[in-house]
Amino acid sequence: MKRAAPIFVILAGILWGTMGTLVRNLNACGLNSLDIVLIRAQGSTLLLFLYLIIFNRAAFKIKLKDLWVFLGTGIASIVFFNACYFYALEQMTMATACVLLYTAPAFVIILSAILFHEKVTKKKFICLIMVFAGCVFVTGMIGGENKLTLIGFLAGLGSGLGYALYSIFGRYAIEKGYSSITITFYTFLIAGLSTMIFANPFTCWTRAFSTTTTGISAVMMALACTIAPFMLYTIGLQYIENGVASMMATIEPVTSAICGIIFFHEKITLEILIGMILVFSGIIICNISFGGKKQITAGK
């Protein structure tokens with residue numbers, strides 16, 4: 001399992017990267033970004049609940065004193081990250097917002113050094129620069145119109161911090177002995193309840209299942225773009241340092257770019273190719289240079 005951990009994390013990033021194709025289908029039926037967050041969180045919770053109630057009821061068990069870690073993954077990470085990211089998208093170009101989102105590995109490395117005493121090495125720093133530069137190229141930020149406001153910039157950094165906090169709180173949950181499926185379930189249960197502040201569940205679900213295409217997209221959003229990648233990423237965290245895992249997951253924007261080229265006939269440019277090479281190179285160096293870490297057992 002330890003040898004497969006980097007593959008799990010990279011697969012998680014790839015699955016997250018395919019989400020854009022499903023988002024476009026759901027946008028077409030009148031759902032906005034926050035509506036889709038609700039669909040994603042509540043759909044994932046429902047499917048996981050049905051699975052656990054039939055096959056693994058023991059996974060529901062958590063200690064009340066540990067609730068704070070799931071509030072961390074669900075609200076401090078998922079809800080806060082999405083709220084900041086969607087606000088940033090309103091304040092600046094999509095490319096700029098996406099690049100600020102991918103400051104997440106830097107936050108993970110800094111917080112993990114403080115909280116978990118993970119070493120900040122020269123090689124890790126070089127990988128961080130490579131994958132961040134790759135994200136800048138892939139998202140098309142270079143050469144575009146990049147108007148920034150202070151509040152938009154802070155919101156963008158907030159999205160990166162929120163994105164990073166899943167690795168931090170997820171690590172605490174793993175160290176407390178919770179399995180990846182338990183962590184994923186309670187993360188999205190809490191996130192799903194919280195998103196009802198921003199969106200109307202009845203309206204969202206009615207629109208999501210207004211056609212066969214959008215209904216399938218909603219289900220796939222929960223299964224393929226949420227449950228599977230979050231479980232894979234959380235399993236990977238048992239064997240890989242937080243900072244390294246976060247950098248490996250930056251394959252997500254590369255996957256998004258490839259999906260755009262394949263499914264929506266978006267142009268492939270020299271900048272995108274350079275970005276892909278930088279991200280892939282950074283991930284390879286991460287995998288070679290930083291083998292793993294002592295296994296943390298998570299089987300509660």
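- Distance CE/Met221 to OG1/Thr226: 6.5 Å, rounded to 0.5 Å.
- Although no hydrogens or angles enter the test, the distance criterion places no donor-acceptor pair under 3.5 Å between the side chain of Thr187 and the main chain of Gly74.
- The structure places CE of Met19 at 6.0 Å from CD of Glu252, a figure rounded to the nearest 0.5 Å.
- Note: Tyr51 and Phe55 have tilted aromatic rings, judged against thresholds of 30 and 60 degrees for the angle between ring planes.
- In the hydrophobic cluster analysis, where Ile, Leu, Val, Met, Phe, Trp and Tyr join through side-chain heavy atoms closer than 4.5 angstrom, Phe202 is grouped apart from Ile39.
- Atom CD1 of Ile129 is surrounded by more than 12 heavy atoms from other residues, nucleotides or ligands within 6.0 Å.
- A 4.5 Å side-chain heavy-atom check between Tyr172 and Phe116 finds at least one atom pair inside the cut-off.
- Taking CE of Met248 as the reference point, atom OH of Tyr233 lies at 10.0 Å (rounded to 0.5 Å).
- For the atom pair Met231 CE and Thr182 OG1, the distance stands at 9.0 Å (nearest 0.5 Å).
- Leu270 and Ile277 are not part of a single hydrophobic cluster, where members link through side-chain heavy atoms under 4.5 Å apart.
- Of all the heavy atoms in Gly243 and Val108, the pair that sits closest is N-CG1, 3.5 Å.
- Checking side-chain atoms of Thr73 against main-chain N and O of Gly170 turns up no donor-acceptor pair under 3.5 Å.
- Under the 3.5 Å distance criterion, the side-chain polar atoms of Asn56 are left unmatched by any main-chain donor or acceptor of Leu52.
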Pair Phe70-Phe185, ring pair (Phe, Tyr, Trp, His ring centres under 6.0 Å): steps then yes or no: CA-CA 9 Å; Phe70 303 109; Phe185 173 74; 9.5 Å; no

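- The two residues Phe107 and Gly160 make their nearest non-hydrogen contact at CD1-C, 3.7 Å.
- A donor-acceptor pair under 3.5 Å is formed between the side chain of Thr255 and the backbone N or O of Ile251.
- Under the 4.5 Å side-chain criterion, counting only non-hydrogen atoms from C-beta, Glu241 is in contact with Lys124.
- Between Arg24 atom CZ and Ile36 atom CD1 the span is 11.5 Å, to the nearest 0.5 Å.
- To the nearest 0.5 angstrom, Thr214 atom OG1 is 8.0 Å from Asn25 atom CG.
- Taken together through direct or relayed side-chain contacts under 4.5 Å among Ile, Leu, Val, Met, Phe, Trp and Tyr, Tyr87 and Leu157 form parts of separate hydrophobic clusters.
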Test log, rule ring pair (Phe, Tyr, Trp, His ring centres under 6.0 Å), inputs Tyr166 and Phe230: CA-CA 10 Å; Tyr166 183 82; Phe230 273 95; 5.0 Å; yes

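- Ser210 places a side-chain N or O within donor-acceptor distance of the main-chain N or O of Arg207, the cut-off being under 3.5 Å.
- A donor-acceptor pair under 3.5 Å links the side-chain atoms of Ser256 to the main chain of Gly17, judged by distance alone.
- For the pair Asn27 (side chain) and Leu31 (backbone), a donor-acceptor distance under 3.5 Å is present.
- Under the side chain to side chain contact (heavy atoms under 4.5 Å, CB included) test applied with Cys286, the options Pro105, Cys127, Pro6 reduce to a single match, Cys127.
- Put simply, Phe80 and Leu100 are part of two different groups of oily side chains (I, L, V, M, F, W, Y) that touch within less than 4.5 Å, one to the next.
- Both Ile262 and Met276 are assigned to one and the same hydrophobic cluster, defined by single-linkage of ILVMFWY side chains at heavy-atom distances under 4.5 Å.
- Heavy atoms only, all atoms of each residue included: Ala245 and Leu237 are closest at CB-CD2, 3.9 Å.
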Steps toward side-chain contact (heavy atoms from CB on, under 4.5 Å) verdict (Phe209, Val219): CA-CA 10 Å; Phe209 282 89; Val219 173; 4.1 Å; yes

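- Judged purely by atom type and a 3.5 angstrom limit, Gln42 has no side-chain atom pairing as donor or acceptor with the backbone of Pro201.
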From CA spacing to verdict: ring pair (Phe, Tyr, Trp, His ring centres under 6.0 Å), Tyr163, Tyr85: CA-CA 10 Å; Tyr163 197 20; Tyr85 185 55; 8.7 Å; no

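- With hydrogens and angles ignored, the 3.5 Å screen pairs no side-chain donor or acceptor of Ser77 with any backbone N or O of Leu165.
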